[in-house]
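Because the structure is a prediction, the values reported are computed rather than measured.
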Amino acid sequence: MTRRILVGIVLLAGVALAWVHGRSDAPLAAADASAACRVALAPASGSTDIGREIARARDGARREVRAKQALERLGQLYVSRARISNDPRDYTLAEAAAGCLEARYPGEASALLLRGHVLHQLHRFSEAEQLAHALVARRSYVLDYGLLGDVLLEQGRLDEAAEAYQRMMDLKPFYQSYTRAAHLRWLRGNLDGAIEAVRLAIASASPRDPELSAWAWTRLSSYQLQAGRLDEAADAAETALAHQPDYAAALEAQGRILLARNRTSDAIAVLQRASQSSGEPDVQWLLADALRLQGREGEAGLVERDLTTRGALLDPRTVALYLATRRLEPTRAVALAEKELRARRDIFTLDAHAWALAASDRFAEAGDVMARALAAGTSDARLFLHAGIIHAAAGRSGEAARWLKRAHELRAMLYPSESALIAKHLNATEN
C-alpha cells in the first residue's frame, strides 16, 4: 500500500469517525450527509468475493432504481467483511452507509438498524440498546428484535434477551432466529438443543452470504468438539472454510481439534494462518500455547508480546484472562476486566473479572463474582476450571474437585496452558 493511499484512507476514516461520534437521532446536516455518502461510496478495489459484492452494491447505490436497497446491502456487507477480516475501518464504512441512507431517505428504519449493528460490534451496547428499543416501538420487524436481544445479552440481561429472541422466532423462524436460539440454548447448558438449532440455521442460510454459513458451521464445530465428537467437529470446520476460505474462527476451530488430537505441528500451521487473518488475542494465545508445546519459546514470546500490547486495545477481556492464567501482572488483569465490565456484564466478562481477582489473591470477591457467572448453568470448561480453582483457594475442596472434574471432561475446549492447571489443582484437592 502506498503512503498516499494510506493517508487517504486515514483521512476518510477521520471524517466518518468525527461524524459517527457526533451522531444523534436528528436529521443529518447537509455537510455531514455529503461526507457520509463520500465515505460509504468511495471507490476501492476488491479481489475477494465479498469485495466484488461490495463493489456491485456500491454501484447500485449510485443509480436511481433500487438505490435504497443497494445502499442498505452495502452497509450489511461492510459489517460482514469486518467480521471476516477484523478490520475496524469496515465498521466506519458501515456507519457511513447508515448515515448516507438516512440522509437520502429521512426516517428510514433500516439506517437505524444498521447503525445499531455497528454500535453492537464496537461494544457500545447501551447506545445500541436505545436504537433497538426505538425500532421495536416503531414496527414489528424480526431483525430489530435480534439486535435488541444481542445487546441485552452482552449486558448480562439473559432473561430479557430470551424474550426478544422468542419474539424474533415467533415473527420468523429463519437463519437469524435459529443462530440466536442455538447460542441461548448453549448458554443455558443445553448442548443438544444448541446443535439442533444451529443445524436449522445451516439449512436455512442464504447462499448469497457465505460468511453466515461459515459462522454457523464454525459454531457447530465448537459444539461437536464440546460433545467429544472430533470427527464431526473437524468436518464442520472444514465445511466452514469451504464457504469462507481463511475464515479465522474456523481456522481456530481446526487448531483446537488438531491440538485435541495431539497434532501440534499441524495445529501451529493452521493457527498461524488464523493469526495472520485476524490477529485476535484469543487466536494468538492459542498459537503461543501450541508453540510452547514444541519448545519454541522465542516464537511464543513474540506472539505473546503482541497479545499483551496491541491485544489489550482490541479485546481487554481475553488479555485479562491470559494474564490471570499465566499469573502475570495481576493488577493489570483486574483493570482490564473492569474496563470491559463498564461496557458489558455478560457471563464471560464476569468470569474474566473473577479469574483476575483470583490471580490477585482476592478470593472472597472472586467467589462472589464467579457464582454470578455460573448462575445461568452454562456448560463451559473455562468457567468450570476457574470455579474449581477459586473454590480450592477458599478451602472448599469438595466443591473444587466437582468443578475441576467437569472441566477435565471438557478439556478439549481449553487452551494447553489452561489444561495444565486441571491436573495440578485436581491432585491437590484429592490429597
Point to revise | Pairs involving residues 202-222, ordered by first then second residue, that meet salt bridge (Lys or Arg N to Asp or Glu O under 4.0 Å) (sequence neighbours left out) | key: Arg83-Glu211
Practice item. Scan residues 169-181 for pairs that pass salt bridge (Lys or Arg N to Asp or Glu O under 4.0 Å), counting only residues two or more places apart or in two chains. Key: Asp150-Arg180
By side-chain contact (heavy atoms from CB on, under 4.5 Å) - contacts of [X] (at least two apart):
X      : result
Glu160 : Leu152, Arg157
Glu196 : Arg185
Arg229 : Ile195, Gln224, Ala227, Glu232
Ala70  : Ala61

Revision key, fill the gap. The side-chain hydrogen bond (donor to acceptor under 3.5 Å, both in side chains) partners of Arg56 (sequence neighbours excluded) come to Glu53
Practice item. Determine whether more than 12 heavy atoms belonging to other residues, nucleotides or ligands lie under 6.0 Å from atom CZ of Arg188. Key: yes
For the atom pair [atom1] ([X]) and [atom2] ([Y]), what is the distance rounded to the nearest 0.5 Å?
X      : Y      : atom1 : atom2 : value
Leu147 : Leu131 : CG    : CG    : 7.5 Å
Glu252 : Leu286 : CD    : CG    : 6.0 Å
Leu77  : Leu93  : CG    : CG    : 11.5 Å

Which atom names give the shortest non-hydrogen contact between [X] and [Y], and what distance separates them?
X      : Y      : value
Leu158 : Ala376 : CD2-CB, 3.6 Å
Leu350 : Ala373 : CB-CB, 4.0 Å
Ser277 : Ile84  : OG-O, 4.3 Å
Leu71  : Ala97  : CG-O, 4.1 Å
Val334 : Leu357 : CG2-N, 4.0 Å
Ile422 : Leu404 : CG2-O, 3.9 Å

Keeping the roles fixed (side chain from [X], backbone from [Y]), state whether a donor-acceptor pair exists under 3.5 Å.
X      : Y      : value
Ser360 : Arg362 : no
Ser221 : Trp217 : no
Tyr141 : Ala109 : no
Arg256 : Met413 : yes
Asp289 : Ser417 : yes
Ser278 : Ser275 : no
Thr308 : Arg305 : yes
Arg327 : Ala324 : yes

Revision key, fill the gap. With sequence neighbours left out, the residues meeting ring-ring contact (aromatic ring centres under 6.0 Å, His included) with Tyr322 are Trp285
Exercise for review: Please report the C-alpha distance between Arg167 and Glu163 in whole Å, then the side-chain angles of each, then the deciding distance to 0.1 Å, and finally whether the salt bridge (Lys or Arg N to Asp or Glu O under 4.0 Å) criterion is met.
Suggested key: CA-CA 6 Å; Arg167 178 64 173 143; Glu163 290 178 11; over 6 Å; no
Review point. Applying ring-ring contact (aromatic ring centres under 6.0 Å, His included), which residue pairs with at least one partner in residues 109-139 are found, sequence neighbours left out?
Key: His120-Phe125, His123-Phe125
Exercise for review: Output every pair passing ring-ring contact (aromatic ring centres under 6.0 Å, His included) with a member in residues 67-107, not counting sequence neighbours, ordered by first then second residue.
Suggested key: none
Point to revise | side chain to side chain donor-acceptor pair (under 3.5 Å) contacts touching residues 366-379 (sequence neighbours left out) | key: none
Review point. So, Arg317 versus Thr349: side-chain donor-acceptor pair below 3.5 Å or not?
Key: yes
**Study point:** Asp346 and Gln155 side chains, donor-acceptor separation under 3.5 Å
**Key:** no
Point to revise | salt bridge (Lys or Arg N to Asp or Glu O under 4.0 Å) between Arg342 and Glu338, intermediate numbers included | key: CA-CA 7 Å; Arg342 288 193 287 272; Glu338 291 179 346; 5.9 Å; no
Practice item. For the pair Tyr223 and Trp186, evaluate side chain to side chain contact (heavy atoms under 4.5 Å, CB included) and give the outcome as yes or no after the intermediate values. Key: CA-CA 9 Å; Tyr223 296 153; Trp186 181 79; 3.7 Å; yes
Identify each donor-acceptor pair in which a side-chain atom of residues 382-389 lies under 3.5 Å from a protein atom, sequence neighbours left out, and give them as a table.
from   : atom 1 : to     : atom 2 : distance (Å)
Arg382 : NE     : Glu418 : OE2    : 2.6
Arg382 : NH2    : Glu418 : OE1    : 3.4
Arg382 : NH2    : Glu418 : OE2    : 3.2
His386 : ND1    : Asp351 : OD1    : 2.8
His386 : ND1    : Asp351 : OD2    : 3.2
His386 : NE2    : Trp355 : NE1    : 3.4

Any [X] side-chain heavy atom under 4.5 Å of [Y] side chain:
X      : Y      : value
Val270 : Leu258 : yes
Glu72  : Leu114 : no
Pro330 : Leu323 : no

Exercise for review: State plainly whether the residues Arg326 and Glu304 are in salt-bridge range, i.e. N to O under 4.0 Å.
Suggested key: yes
Exercise for review: May I ask you to say whether Asp246 pairs ionically with Arg273, meaning some side-chain N is under 4.0 Å from a carboxylate O?
Suggested key: yes
Practice item. Show your working on side chain to side chain contact (heavy atoms under 4.5 Å, CB included) between Glu238 and Gln254 and close with a plain yes or no. Key: CA-CA 8 Å; Glu238 190 64 36; Gln254 276 194 331; 2.9 Å; yes
Practice item. For a salt bridge (Lys or Arg N to Asp or Glu O under 4.0 Å) with Glu108, tell me which candidate from Lys68, Arg139, Arg115, Arg138 qualifies. Key: Lys68
Practice item. Decide side chain to side chain contact (heavy atoms under 4.5 Å, CB included) for Asp361 and Phe363; before the verdict, give the C-alpha distance in whole Å, the side-chain angles of both, and the deciding distance to 0.1 Å. Key: CA-CA 5 Å; Asp361 296 330; Phe363 295 110; 3.5 Å; yes
Review point. Would Leu271 and Leu291 satisfy side chain to side chain contact (heavy atoms under 4.5 Å, CB included), going step by step from the backbone distance to the final call?
Key: CA-CA 10 Å; Leu271 291 169; Leu291 289 166; over 6 Å; no
